[in-house]
Amino acid sequence: MKVLSIIVPTYNMENYLHKCLNSLIVSDMNMASLEVLVINDGSKDSSLQIAHEYETIYPQTFKVIDKGNGNYGSCINRGLKEVTGKYVKVLDADDCFVVNVLDKFIDYLQDKDIDLVLNDFVTVDENDAITESYTFNLPTNNTFTLQDIPKPMIEWIWHHGITYKTDILKAINYHQTEGISYTDDEWIFMPMYKVESVSYFPYILYHYLLGREGQTFDPIVMKSSFDKRIIVGKSMVQYFANIEQSIHTVAKSYMIEKLRSRLSVIYNFYLTKEYSSYGNEHLKEFDQFIKNQSLFIYYLLAQKKDKIFGKNYIQEWRSANYASSLYLSIRRLKFRIRLFFGKQYRNIHMPENLRRR
């Protein structure tokens, strides 16, 4: 049985795939414990050919699955049908691992029997220069639960820092939404329902490329496809509503905070960053959907208040009968001023007290 399975969703990644797959070539001993599933999502470039090169050289480790285009979630779903490892992790084809750390990680997993492993990661630019470090500083000498993770840290637990025990995904018949992007939000949320034990691997394992033109977090792409975030948001809300009465205590605080933070991104986008009558109507329908699915989440979103005005912008919007207000106008003005002075469109910084360079 393989110890670790890595799913690599791939679509037109010929410029990055060699670097990605090279980062998965570990020591001979651990190659036998590693399974790499490269899921080619109907690429039109040479991605499939590149993937087959590695399958030919390392047939005991690399397996290529060629399928029609179905977007990110379809790659995850296809990969999960094939995995044989005790643990499973996702590596995007434009990202890479630190090879010697991956070797150490496989050794670390050999004698582990836990539901979730968290690892440190960094964001990098096209020149592989580190732009941000995400170091969690959690206990390393014993296992803990999701309850033990500080609430501010939950926002920064992305798929780059997550490895699941495969049985967790099977236990919930995990299925990721297909046909659209941004579904990695489901990956960091839904399986947590069954997570009872967590351990922390205190090394930077994952290099996350941020800033590539055309990637899903490119501001231009985000602006044109943000309605897809609403689809994913609805999927997460509906999932939570279905399990709300049966969520295990140790997972509840994590799931609530993660859901609050990911949904707030949607509201902030349409009410602050890109306000329009179209977006307002879109958001109104989404807000009513949440209210119908879970009153708990609906009211949770209206609780957090800003430090200056002591108001919650979502509640202000609701109170104004889903219309703009002076307070919302001030929020938008502050955002425009930040843009004018060169602030980033998207703030990815971990709070200083949770970050170590």
I'd like to know whether W187 forms a ring-ring contact (aromatic ring centres under 6.0 Å, His included) with Y174, so could you lay out the CA-CA distance, the side-chain angles of the two residues, the decisive distance to 0.1 Å, and finally the verdict. CA-CA 9 Å; W187 180 262; Y174 179 77; 5.6 Å; yes
Nearest-0.5 Å distance, NE2 of residue H52 to OG of residue S47: 11.5 Å
Begin from the C-alpha positions of Y11 and N69 and carry the test side-chain contact (heavy atoms from CB on, under 4.5 Å) through to its verdict. CA-CA 8 Å; Y11 178 71; N69 183 258; 3.5 Å; yes
Hey, what do you get for CD1 (I7) to CG (L80), rounding to the nearest 0.5 Å? 4.0 Å
Should K63 and E55 count as an ion pair when the cut-off is N to O under 4.0 Å? no
Does any N or O in the side chain of N12 come within less than 3.5 Å of the main-chain N or O of S43, such that one atom is a donor and the other an acceptor? no
Which is it for Y278 and H282 under the ring-ring contact (aromatic ring centres under 6.0 Å, His included) test, yes or no, and what are the steps along the way? CA-CA 6 Å; Y278 166 79; H282 215 35; 5.3 Å; yes
Min side-chain heavy-atom separation L301-S264 under 4.5 Å: yes
Quick one: does S197's side chain have a donor or acceptor within less than 3.5 Å of a partner on D115's backbone? yes
Side chain to side chain donor-acceptor pair (under 3.5 Å) partner of Y72, chosen from D92, D41, T177: D92
Taking the side chain as every heavy atom from C-beta outward, state whether Y54 and H18 have any pair of such atoms under 4.5 Å apart. yes
Could you tell me whether D113 and K86 make a salt bridge, using a distance below 4.0 angstrom between a side-chain N and a carboxylate O? yes
So, does K291 use its side chain to make a donor-acceptor pair with the main chain of Y298 at under 3.5 Å? no
Report yes if some heavy atom in the side chain of Y254 is under 4.5 Å from a heavy atom in the side chain of L259; otherwise report no. no
In a check of ring-ring contact (aromatic ring centres under 6.0 Å, His included) between Y270 and each of Y275, W317, F226, F286, which one passes? F226
Side-chain ion pair, D128 and K19, N-O less than 4.0 Å: yes
Can you check whether W156 and F136 have ring centres sitting under 6.0 Å from each other? no
How about T272 and L328: do any of their side-chain heavy atoms sit closer than 4.5 Å? no
Hey, are the side chains of K89 and L205 touching, using non-hydrogen atoms and a 4.5 Å cut-off? yes
Roughly how far, to the nearest 0.5 Å, is CE of M1 from CD of E35? 9.5 Å
Using side-chain hydrogen bond (donor to acceptor under 3.5 Å, both in side chains), reason through Y322 and Q288 one step at a time and then give a plain yes or no. CA-CA 11 Å; Y322 298 108; Q288 289 297 312; 2.5 Å; yes
Check whether any side-chain heavy atom of M192 sits under 4.5 Å from a side-chain heavy atom of L146, and report yes or no. yes
Between the side chain of R262 and the main-chain N/O of E155, is any donor-acceptor distance below 3.5 Å? no
Just do the side-chain hydrogen bond (donor to acceptor under 3.5 Å, both in side chains) check on S27 and D103 with the steps written out, would you? CA-CA 7 Å; S27 63; D103 232 334; 2.9 Å; yes
So does D185 pair up with K258, basic N to acidic O under 4.0 Å? no
Closest approach of R318 to A302 (non-hydrogen atoms, all atoms of both residues): NH1-CB, 3.7 Å
Trace of the side-chain hydrogen bond (donor to acceptor under 3.5 Å, both in side chains) decision for Q315 with S319: CA-CA 6 Å; Q315 184 56 45; S319 299; 3.1 Å; yes
Sole residue of L116, I168, D167 in side chain to side chain contact (heavy atoms under 4.5 Å, CB included) with K194: I168
Cation-pi geometry met for K112 and Y108 (6.0 Å, 45°): yes
Side-chain touch M13/C20, heavy atoms, less than 4.5 angstrom: no
Interatomic distance, OG@S133 vs CD1@I204, rounded to 0.5 Å, equals 4.5 Å
Is it true that, when you exclude D111 itself, more than 12 heavy atoms of the residues, nucleotides or ligands shown sit nearer than 6.0 Å to its CG? yes
Value rounded to 0.5 Å, distance of CD1 in I180 from CD1 in I231: 4.5 Å
At their closest point, which heavy atom of K305 faces which heavy atom of N312, and how far apart are they? CG-N, 4.1 Å
Cation-pi geometry met for K104 and Y203 (6.0 Å, 45°): yes
Does NZ or CZ of K228 lie under 6.0 Å from the centre of the six-membered ring of Y182, at an angle within 45° of the ring axis? no
Ion pair E14/K44, N-O distance below 4.0 Å: no
Is the backbone N or O of I106 less than 3.5 Å from a side-chain atom of N30, with the two atoms forming a donor-acceptor pair by type? no
Between the main-chain N or O of A129 and the side-chain N or O of N127, is there a donor-acceptor pair closer than 3.5 Å? no
With a 4.5 Å heavy-atom cut-off, do H207 and T123 have their side chains touching? no
Do F97 and Y206 have ring centres separated by under 6.0 Å? yes
Using side chain to side chain donor-acceptor pair (under 3.5 Å) as the criterion, point out the one residue from D120, N137, T140, N119 that pairs with Y200. D120
With under 30° as parallel and over 60° as perpendicular, where do the rings of Y208 and H160 fit, or are they tilted in between? parallel
Using the rule given for side-chain hydrogen bond (donor to acceptor under 3.5 Å, both in side chains), can you reason through R229 versus S181, listing the C-alpha separation, both sets of side-chain angles and the distance that settles it, and then say yes or no? CA-CA 8 Å; R229 296 293 290 266; S181 301; over 6 Å; no
Do you know which two heavy atoms are closest between I188 and I157, and how far apart they sit? CD1-O, 3.7 Å
Kindly check if the number of other-residue, nucleotide or ligand heavy atoms within 6.0 Å of NZ (K311) is above 12? no
Report the residue from V90, T183, I39, L169 that forms a side chain to side chain contact (heavy atoms under 4.5 Å, CB included) with I76. V90
